[in-house]
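Written out below as structure tokens is the structure these notes cover.
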Amino acid sequence: MKPRTRVNHPPHTPPDPGNRPLVAPIYQSVKFELEDLAATERAWAGPGQGFHYSRIANPNVADLEALLAELQGGEACLAVGTGIAAVAVTLLALLSQGDHLLAFIETYGPTRGLIVRTLARFGVAHTMLSIEDRAGIERTLAERPTRLVWFESPTNPVLKIPDIPHLVACARRHGALTVIDNTFAGFESHGGLGIDLQVHSLTKFASGHGDVMGGAVIGSGELVQRVRVQANALGPALDPHAAFLIQRGMRTYQLRRSAQCESAARIAGFLARDARVRRVRYPGLATDPGHALARAQMRDFGSVVTIDLAGSAEQSRVFADSLRYFAIAASLGSTDSLIVPPQLLQPRDLTAEQRALSGIGPTTTRLSIGIEDPDDLIADLSAALDAAFR
């Protein structure tokens, strides 16, 4: 072999049988070669017959998908490049022109944008209610054929807890599929409740370190395969190195989430006792409107605490700017504690009536609790409150 050929076909030394690496390698390859044309034809014909192109399937991505499906109790999982990509391919796979979708005001803003702007352009109608409007949910599903019900629990950012068994039963009675954005609740919650598909932003708790993005769709093999076909057509593939990093993050997922939820409970209790905080929303508080439902439906109460200050929007600004350990940044579920102040949280796409129903007020502030010592975080919050109300 001449040098120009050798450098393009270098030696490959796989470990001997029984000598596997403790950490799976990164398969940073777009293309895979099979033994012969017959094997290649089988791989090209469908999943489960080997790897041939990383937009379709990759070993790192497949390992991550298997882990997440098992944790969530689903038959199958599809992992894609971002959380909103998981939302988009699911909506596009399940809805067609002329279909009707039931969604809720208390939904992640970009998801609302996909429903209200993108899907509407292609003839998909929607009804947008409050997740607390039980009568409206029942009436809408009874009066109008509905293909899909899309919801969150806890909702972003006010942490409302819907009655999921009631919602699923209503949808099923009227022939509608249900999809939950399960990002806030984590992989162990909401299993066994009859939800058809669960969507996660892997950017949040799964990655856990704020350095990689991803999304996942988990559920029955038949429904996940429908979404996978749509994803393969649109191309929001998860890069193998990103899949490797998310898989690495998942090694500490249980430890991180447990510590974050424990700290969030302490912080929510502290804030609930401070007169300068008008309202604390955290499902772990016995006084929270969703506490009983959260106890029944979730494994834990999450690591997000949402508050309304008993002051002005300007005082909320001072509060955010005075914090030392909370970064003003989007996202959640990271090792770092984060804050989204009201100036960045207002749902500008909602009407005044919808804003009132959403529960997002002029001082509503979302805190995502990281893995720092809770005593330091409480001292930081206390000092910031002092600065805001000085």
Side-chain angles (χ1 to χ4, degrees), residues 1-81 85-86 186-188 191 198 200 202-203 205-209 211-225 227-229 231-232 235-258:
M1 198 181 297
K2 290 185 168 56
R4 278 177 55 183
T5 305
R6 169 50 77 194
V7 294
N8 204 48
H9 296 269
H12 176 56
T13 309
D16 293 332
N19 183 206
R20 66 182 181 88
L22 190 60
V23 176
I26 302 173
Y27 291 89
Q28 195 71 47
S29 180
V30 173
K31 301 170 288 293
F32 294 82
E33 182 183 23
L34 287 100
E35 277 192 27
D36 51 34
L37 178 57
T40 305
E41 288 174 317
R42 288 193 298 271
W44 282 42
Q49 299 294 326
F51 301 98
H52 65 95
Y53 198 67
S54 279
R55 177 169 58 81
I56 308 300
N58 175 280
N60 294 110
V61 178
D63 285 348
L64 178 62
E65 290 172 341
L67 172 64
L68 300 182
E70 181 178 343
L71 286 178
Q72 191 71 84
E75 292 178 356
C77 171
L78 165 70
V80 292
F187 293 98
E188 298 84 6
Q198 309 218 21
H200 290 266
L202 304 180
T203 311
F205 292 101
S207 163
H209 295 78
D211 55 7
V212 62
M213 293 188 289
V217 185
I218 304 169
S220 71
E222 186 270 329
L223 283 178
V224 170
Q225 180 58 21
V227 181
R228 187 180 297 277
V229 169
N232 288 342
L238 182 63
D239 179 80
H241 190 212
F244 172 86
L245 290 174
I246 295 170
Q247 185 83 296
R248 185 176 69 174
M250 287 301 297
R251 287 174 176 260
T252 58
Y253 167 78
Q254 301 282 351
L255 297 173
R256 285 185 286 103
R257 186 171 175 96
S258 178

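Counting begins at 1 with the first residue of the sequence.
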What is the distance from atom [atom1] of [X] to atom [atom2] of [Y], rounded to the nearest 0.5 Å?
{"X": "Asp63", "Y": "Ile246", "atom1": "CG", "atom2": "CD1", "value": "13.0 Å"}
{"X": "Cys77", "Y": "Ile218", "atom1": "SG", "atom2": "CD1", "value": "4.5 Å"}
{"X": "Asn58", "Y": "His241", "atom1": "CG", "atom2": "NE2", "value": "12.0 Å"}
{"X": "Phe32", "Y": "His52", "atom1": "CZ", "atom2": "NE2", "value": "10.5 Å"}
{"X": "Asp239", "Y": "Arg55", "atom1": "CG", "atom2": "CZ", "value": "14.5 Å"}
{"X": "Leu238", "Y": "Leu245", "atom1": "CG", "atom2": "CG", "value": "9.5 Å"}

Quick one: does any side-chain atom of [X] pair with a main-chain N or O of [Y] as donor and acceptor, under 3.5 Å?
{"X": "Asp16", "Y": "Asn19", "value": "no"}
{"X": "Ser220", "Y": "Leu223", "value": "yes"}
{"X": "Arg20", "Y": "Pro15", "value": "no"}
{"X": "Thr252", "Y": "Gly249", "value": "yes"}

With heavy-atom distances below 4.5 Å as the criterion, would you say the side chains of [X] and [Y] are in contact?
{"X": "Gln247", "Y": "Phe244", "result": "no"}
{"X": "Arg42", "Y": "Leu37", "result": "no"}
{"X": "Met250", "Y": "Leu71", "result": "yes"}
{"X": "Asp211", "Y": "Ser207", "result": "yes"}
{"X": "Ser54", "Y": "Lys31", "result": "no"}

Kindly give the heavy-atom pair with the smallest separation between [X] and [Y], and that separation in Å.
{"X": "Leu68", "Y": "Ala216", "answer": "CD1-CB, 4.0 Å"}
{"X": "Phe51", "Y": "Pro59", "answer": "CE2-N, 3.6 Å"}
{"X": "Ala242", "Y": "Met213", "answer": "CB-O, 4.3 Å"}
{"X": "Ala231", "Y": "Pro236", "answer": "O-CD, 3.1 Å"}

Can you confirm whether [X] is buried at [atom1], in the sense that more than 12 heavy atoms of other residues, nucleotides or ligands lie under 6.0 Å from that atom?
{"X": "Glu70", "atom1": "CD", "value": "no"}
{"X": "Arg4", "atom1": "CZ", "value": "no"}
{"X": "Gln254", "atom1": "CD", "value": "yes"}
{"X": "Glu35", "atom1": "CD", "value": "no"}

Exercise for the section: Indicate whether the side chain of Gln72 and that of His200 have a donor and an acceptor atom separated by less than 3.5 Å. Expected result: yes
Handout entry: Close aromatic pair by centroid cut-off 6.0 Å: Phe187 and Tyr253
Key = yes
Practice task
Give the intermediate values and the outcome of side chain to side chain contact (heavy atoms under 4.5 Å, CB included) for residues Val80 and Leu202.
Solution key: CA-CA 9 Å; Val80 292; Leu202 304 180; over 6 Å; no
Exercise for the section: In sequence, state the C-alpha distance, the side-chain angles, and the governing distance for Ile26 and Asn60, and then conclude on side chain to side chain contact (heavy atoms under 4.5 Å, CB included). Expected result: CA-CA 7 Å; Ile26 302 173; Asn60 294 110; 4.2 Å; yes
Practice task
Show your reasoning for whether side chain to side chain contact (heavy atoms under 4.5 Å, CB included) applies to Arg228 and Glu65.
Solution key: CA-CA 12 Å; Arg228 187 180 297 277; Glu65 290 172 341; 3.5 Å; yes
